[in-house]
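Notes for the one structure printed next.
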Amino acid sequence: CHMTRYEYIKVFVPVLLIMAREGITPSDAFYIEAYEQYEEMAKNGTERSEINRIILMKYNIPPKKLQAIIERFSVQMSIKQ
């Protein structure tokens, strides 16, 4: 399927507007898998230092960046149309 950037944006306008209002960037999608792994390990009682080590090795995300991702992804949203 071929489409222009305009056509692609037009299809996703509602989602893109919500993302823009909430400060969500498209590049946040790169961190979904790492965040899910963090959540699973934290839920299972893995020590924070071990989580940091694993995430750094597997995804090359330093602990400070991981903390920022956790804080960003943990924000509750109120979706307004």
Side-chain angles (χ1 to χ4, degrees):
C1 176
H2 290 81
M3 59 175 47
T4 65
R5 287 183 179 181
Y6 165 79
E7 292 167 330
Y8 189 83
I9 292 168
K10 181 89 171 148
V11 169
F12 294 102
V13 164
V15 173
L16 293 170
L17 291 175
I18 291 168
M19 289 175 65
R21 280 195 292 269
E22 294 292 333
I24 300 168
T25 63
S27 62
D28 285 340
F30 291 118
Y31 303 111
I32 293 292
E33 188 177 325
Y35 179 76
E36 289 173 345
Q37 185 166 5
Y38 163 83
E39 287 284 299
E40 184 67 27
M41 288 187 292
K43 185 175 105 179
N44 291 331
T46 306
E47 289 185 23
R48 181 62 185 252
S49 60
E50 182 65 8
I51 294 173
N52 286 340
R53 186 186 69 73
I54 291 168
I55 298 294
L56 177 61
M57 287 178 49
K58 186 170 181 179
Y59 302 100
N60 199 30
I61 301 172
K64 283 188 177 186
K65 176 77 172 179
L66 177 60
Q67 184 58 40
I69 292 165
I70 293 164
E71 289 172 11
R72 284 174 52 84
F73 283 17
S74 299
V75 172
Q76 292 292 317
M77 293 177 35
S78 175
I79 299 175
K80 301 171 190 146
Q81 300 262 328

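When reading the values below, keep in mind they use all heavy atoms of this one structure, side chains included, and skip hydrogens, waters and symmetry mates. If you're wondering where the values come from, they're calculated on a predicted model, not measured in any experiment.
Separating the CD1 atom in Ile24 from the CZ atom in Arg72 is a distance of 7.5 Å, to the nearest 0.5 Å. Between the OG1 atom of Thr46 and the NZ atom of Lys43 there is a distance of 11.5 Å, given to the nearest 0.5 Å. Of the inter-residue distances, the one linking Glu39 atom CD with Ser74 atom OG reads 6.0 Å to the nearest 0.5 angstrom. Rounding to the nearest 0.5 Å gives a distance of 9.5 Å between CD1 of Ile32 and CD1 of Ile69.
With sequence neighbours excluded, no residue forms a salt bridge (Lys or Arg N to Asp or Glu O under 4.0 Å) with Arg48. Residues forming a salt bridge (Lys or Arg N to Asp or Glu O under 4.0 Å) with Glu71 (at least two apart in sequence, or on another chain): none. Applying the side-chain hydrogen bond (donor to acceptor under 3.5 Å, both in side chains) criterion to Asn60, with sequence neighbours excluded, gives no partner residue. Residues satisfying the side-chain contact (heavy atoms from CB on, under 4.5 Å) test with Ser49, not counting sequence neighbours, are Glu47. Scored by the side-chain hydrogen bond (donor to acceptor under 3.5 Å, both in side chains) test, Glu36 finds no partners at all (sequence neighbours excluded).
Heavy-atom contacts from other residues, nucleotides or ligands closer than 6.0 Å to CD of Glu33 number 12 or fewer. Surrounding CE of Met57 are at most 12 heavy atoms belonging to other residues, nucleotides or ligands under 6.0 Å away.
Residue pairs that meet the salt bridge (charged side-chain N to carboxylate O under 4.0 Å, His left out) test with at least one member in residues 50-60, sequence neighbours left out, are Glu50-Arg53. Residue pairs satisfying the ring pair (Phe, Tyr, Trp, His ring centres under 6.0 Å) criterion with at least one member in residues 4-26, sequence neighbours excluded, are listed as follows: Tyr8-Phe12. Among residue pairs with one or both ends in residues 33-75, those qualifying as ring pair (Phe, Tyr, Trp, His ring centres under 6.0 Å) are Tyr35-Phe73; sequence neighbours excluded.
Looking at every heavy atom in both residues, Ile54 comes nearest to Gln37 through CG2-NE2, 3.7 Å. Closest of all the heavy-atom pairs between Met41 and Ile55 is CE-CD1, 3.9 Å. Closest approach of Ile61 and Ala34 over heavy atoms only: CD1-CB, 3.7 Å.
Ile18 and Val75 end up in different hydrophobic clusters when Ile, Leu, Val, Met, Phe, Trp and Tyr side chains are linked at under 4.5 Å. Follow the hydrophobic side-chain contacts under 4.5 Å out from Ile70 and you reach Ile51 in the same cluster.
Looking only at distances, a side-chain donor or acceptor of Asp28 sits under 3.5 Å from a matching main-chain atom of Thr25.
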